[in-house]
Amino acid sequence: MCGIVGYVGGRNAVPVLLQGLKMLEYRGYDSAGVAVFNSKAGEIKVCKTKGRVENLESKLYDSPVAGKIGIGHTRWATHGVPSDENAHPHFSSSEKIAVVHNGIIENYVVIRDFLRGQGYEFVSETDTECVAQLAGYYYSKSGSFLDSVYRVLAKVDGSYALALVCADCPDKIITVKKNCPLIVGLGKGENFLASDMPAILKYTRNTFIMEDNEVAVIEKDSVKVYNKKKEEIQKEVYVVDWTIEAAEKSGYEHFMLKEIYEQPKVVSDNLNRRFKSDGTGIRLDSIKLGKEELEGINQIYIVACGTAYYAGLVGKFLLEKMARIHVNSDVASEFRYKDPLIDEKTLVIVISQSGETADTLEAMRLAKRKGSRVLAVVNVVGSTIAREANDVIYTLAGPEIAVASTKAFSAQVVAMFLLTLHISLERGRLSLEEFREIKAEMELLPSHINTILTSAPNIKHFMEKYIGSKNVFYIGRGLDYVVCREGSLKLKEIAYLHSEPYAAGELKHGPIALIEESTLVIGVATQQNLFAKTMSNIKEVKARGARVLIIAMEGNREIENYADDYIYIPKTHPVLTPLLANIPQQLFAYYMAVGLGNDVDKPRNLAKSVTVE
Ligand code: M6R
């Protein structure tokens, strides 16, 4: 999704903005731009272009702009095609005010029509331009930059993080947000704003988070924040514990590969943090989810989007199987509009890496309005979902930069394992002995992941063999089917290959008609109790000419009779296999994307954090 960065201070703003925009590239975008106040000319200069930040850089090289205050933007098109005209920043007609915007202004047509009636002409197809023009309109009446921003806010509906500069106020940026993330970074003699921490991590780790309807006036030596009533308020500053190294590639060819290789550490960090040292259970810190609270709950509802949703499905499967509690699940975009059957006896678990996904956030707010308690499983500390949920379990995966989620998924799955163990223990469905057995197996997971990672060269070899595939099917049963859904999503996202996950038993009810000579079928068969059933489905596709790559548990050598190729995961407890079986799928999707020459970390049309509907 779109990214925003802003700078006020003593340095040339352009390199700071460009560096910030580069760090936001991972969010996904199709054009980029900056607006910088040029003190020599006494005016704001805007430079923007369709395409990558490098295009913007070369445009700035050809026609340099300089100044000590500026705003920058990466746009992910919503209203109007990716083009130079639609790229941000947008100017008011007078060129007094320039604006960058994340989100969607829902009533932009009404505002545009009103301004057209006042003689204003629009040069882009965007919703954002109406903000710039409206601010310019009010500024022409009042001559006050801050008042104009407040008047704009009274008129616009929708979601936004906005940063505005005014040619007559060359010392400040005004920024405001509603339902879109925005942070302010504090430096010495310089201050920053950004939609996401990596953009300013190189310069400062002291930040505060803007809340909805707050307005910040950012100058070189001061930042003032006002509430909706224009009263000044104090913000709590916190120090981010991410390092710039964590947000860099550290020698890996892609962030995705780096993040795949970080998984052993992410898993062990979570386990170290969560297992009680005396081996009697799970540490949930201040989260109250004991026997008494669980008695007040008659169902759990898991809500998330994309990969996070699949982590949730692992949780659903395990909670039902082990804790014997009824668990419903939905993708957030469906949940929020279906008047879900939830109440104060429902525990709603929302899962989100970014903690900013618009649908998940709204689903959570709906659940709270209906009286449910919301437990959020989130990666980004201080994100909106984390702040608004009743309780939070942080997944400790560190910054995930690649659009395709890998380590965050593994961390979410581990969180689901831990929650299941906790709830099962509290409900008396799991004995301490069984708990200790699973715990011991879980402690081996980091080393098992390392073992799987050593098979990367084989998986690369499979990529070379199967790179010509046009359709790929993933089949499995039970937990393996959930793994298939995640594997198939990953392949679509970054290799742009058509792929479908099927519950293996469903093949005969239709999808098997799609299998033809050489179709690639990836079979996931780690569940011993379902192994024979899955194998008979494998035989059926084999008999119809499919080429089959099987992921199975070590020791199940029977697969070698049916598979063209196979990957073994180390032996583990059956409930833990989703974590391990998914790793070869991540590597396979990664190598396919590399082999096809795709932009692995920034796949087309996708954004890291989907902050609009
Ligand atoms: O930040 P979130 O976990 O809420 O994001 C949810 C999905 O948008 C995300 O998992 C998406 O499916 C990823 N690109 C998958 O790799």
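Salt bridge annotation for Asp30-Arg604: absent, with no cationic side-chain nitrogen under 4.0 angstrom from a carboxylate oxygen.
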Q: Would you please test Arg52 and Asp599 for salt bridge (Lys or Arg N to Asp or Glu O under 4.0 Å) and show each step?
A: CA-CA 12 Å; Arg52 296 287 189 202; Asp599 190 344; 2.6 Å; yes

Q. Can you check side-chain contact (heavy atoms from CB on, under 4.5 Å) on Ser31 and Ser83, steps first, answer last?
A. CA-CA 7 Å; Ser31 50; Ser83 68; over 6 Å; no

(Q) Using the rule given for side-chain contact (heavy atoms from CB on, under 4.5 Å), can you reason through Tyr160 versus Cys180, listing the C-alpha separation, both sets of side-chain angles and the distance that settles it, and then say yes or no? (A) CA-CA 6 Å; Tyr160 45 81; Cys180 279; 5.6 Å; no

Q.
Could you go through Ser93 and Gln133, starting from their C-alpha distance and side-chain angles, then the distance that decides it, and tell me whether this counts as side-chain hydrogen bond (donor to acceptor under 3.5 Å, both in side chains)?
A. CA-CA 6 Å; Ser93 295; Gln133 297 282 22; 3.0 Å; yes

(Q) Please evaluate residues Leu60 and Val65 with respect to the criterion side-chain contact (heavy atoms from CB on, under 4.5 Å), reporting the C-alpha separation (whole Å), side-chain torsions for both, the decisive distance (0.1 Å), and the verdict. (A) CA-CA 7 Å; Leu60 283 163; Val65 295; 3.5 Å; yes

(Q) Please determine whether side-chain contact (heavy atoms from CB on, under 4.5 Å) holds for the pair Arg75 and Thr126, giving the CA-CA distance in whole Å, both sets of side-chain angles, and the decisive distance to 0.1 Å. (A) CA-CA 11 Å; Arg75 171 177 188 251; Thr126 64; 3.9 Å; yes

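Panel note: side chain Asn86, backbone Glu125; a donor-acceptor pair is recorded below 3.5 Å. Not a single donor-acceptor pair under 3.5 Å links the side chain of Asp157 to the backbone N or O of Asn107. With hydrogens and angles disregarded, no donor-acceptor distance shorter than 3.5 Å links the side chain of Lys177 to the backbone of Glu211. The backbone N or O of Val217 lies less than 3.5 Å from no partner atom in the side chain of Tyr226, so there is not a single donor-acceptor pair. Side-chain atoms of Asp84 come within 3.5 Å of backbone atoms of Lys50 as a donor-acceptor pair (strictly under, hydrogens ignored).
The side-chain hydrogen bond (donor to acceptor under 3.5 Å, both in side chains) check on Lys602 picks up nothing, with sequence neighbours excluded. Residues that satisfy the side-chain hydrogen bond (donor to acceptor under 3.5 Å, both in side chains) test with Thr384, not counting sequence neighbours, are Glu356, Arg387. Among residues two or more places apart in sequence or in another chain, the side-chain hydrogen bond (donor to acceptor under 3.5 Å, both in side chains) test is passed with Lys178 by none. Every residue two or more places apart in sequence or in another chain that forms a side-chain contact (heavy atoms from CB on, under 4.5 Å) with Asn38 is listed here: Lys40, Ala41, Lys45. Every residue was checked against the side-chain hydrogen bond (donor to acceptor under 3.5 Å, both in side chains) condition with Lys48, not counting sequence neighbours, and none meets it.
For the pair Lys230 and Tyr150, the cation sits on the ring face: its NZ or CZ lies under 6.0 Å from the ring centre, inside 45° of the axis.
Between Glu400 and Ser405, the side chains place a donor N or O and an acceptor N or O closer than 3.5 Å (distance only, hydrogens not considered). If you check the side chains of Ser92 and Ser94, you find a donor sitting under 3.5 Å from an acceptor. With no hydrogens or angles considered, no side-chain donor-acceptor pair links Tyr61 and Glu57 at under 3.5 Å. No side-chain donor from either of Thr74 and Glu25 sits under 3.5 Å from a side-chain acceptor of the other. Defined by atom type and a distance below 3.5 Å, a donor-acceptor pair is present between the side-chain atoms of Asn379 and Thr395.
When all heavy atoms of Ser352 and Thr357 are compared, the pair lying nearest together is OG-OG1, 3.8 Å. Across every non-hydrogen atom of Pro89 and Val46, the tightest pair is O-CG1, 4.0 Å. The shortest heavy-atom contact between Val165 and Ala35 is CG2-CB, 4.5 Å. When all heavy atoms are compared, the tightest approach of Ala66 to Asn12 is CA-OD1, 3.8 Å. Looking at every heavy atom in both residues, Val381 comes nearest to Tyr394 through CA-CE2, 3.4 Å. Taking every heavy atom of both residues into account, Gly382 and Tyr238 meet most closely at CA-OH, 4.4 Å.
How far OG1 of Thr406 is from CD1 of Ile260: 5.5 Å, rounded to the nearest 0.5 Å. Of the inter-residue distances, the one linking Arg273 atom CZ with Ile393 atom CD1 reads 10.5 Å to the nearest 0.5 angstrom. Within the model, atoms OG1 of Thr128 and OH of Tyr108 stand 10.0 Å from one another, a figure rounded to the nearest 0.5 Å. Interatomic distance, CG of Leu366 versus CG of Asp359, reported as 11.5 Å (0.5 Å rounding). Here the CZ-CD distance, from Phe91 to Glu129, works out to 11.5 Å after rounding to the nearest 0.5 Å. Interatomic distance, Ile494 CD1 to Gln586 CD, rounded to the nearest 0.5 Å: 9.5 Å.
In this structure, the side chains of Lys68 and Val8 stay at 4.5 Å or more apart for every pair of heavy atoms. Using a 4.5 Å heavy-atom cutoff, the side chains of Phe114 and Lys155 are not in contact. Side-chain contact check for Asp601 versus Ile401: every heavy-atom pair is 4.5 Å or farther apart. Looking at heavy atoms from C-beta onward, Leu453 lies in side-chain contact with Leu587 at the 4.5 angstrom threshold. Here the side chains of Ser195 and Leu24 are in contact, with some heavy-atom distance below 4.5 Å. Taking 4.5 Å as the limit, every side-chain heavy atom of Met23 sits out of range of all side-chain heavy atoms of Val5. Side chains of His79 and Ile104 form a contact here, defined as non-hydrogen atoms less than 4.5 Å apart. A heavy-atom distance below 4.5 Å is not found between the side chains of Asn270 and Asn272.
The number of heavy-atom neighbours closer than 6.0 Å to CD of Glu232, taken from other residues, nucleotides and ligands shown, is above 12. By the neighbour-count criterion of 12 heavy atoms within 6.0 Å, atom CD of Gln118 is densely surrounded, having more than that number from other residues, nucleotides or ligands. Within a 6.0 Å radius of NZ in Lys59, more than 12 heavy atoms belonging to other residues, nucleotides or ligands are found. Enclosure of atom NZ in Lys235 by more than 12 non-hydrogen atoms of other residues, nucleotides or ligands within 6.0 angstrom is indicated. Heavy-atom neighbours of Lys265 NZ from other residues, nucleotides or ligands within 6.0 Å: at or below the threshold of 12.
Taking the six-membered ring where the residue is Trp, His88 and His73 present parallel rings, their angle staying beneath 30° rather than reaching 60°.
With Thr307 as the partner, the side chain to side chain donor-acceptor pair (under 3.5 Å) test is satisfied by one option alone out of Glu486, Gln412, Glu493: Glu486.
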Side-chain polar contacts of residues 182-194 - donor-acceptor pairs under 3.5 angstrom, sequence neighbours left out - could you list them?
unit_1, atom_1, unit_2, atom_2, d
Glu190, OE1, Tyr7, OH, 2.7
Glu190, OE1, Arg11, NE, 2.7
Glu190, OE2, Arg11, NH2, 2.8
Asn191, OD1, Gly187, N, 3.2
Asn191, ND2, Glu219, O, 2.8
Asn191, ND2, Lys220, O, 3.1

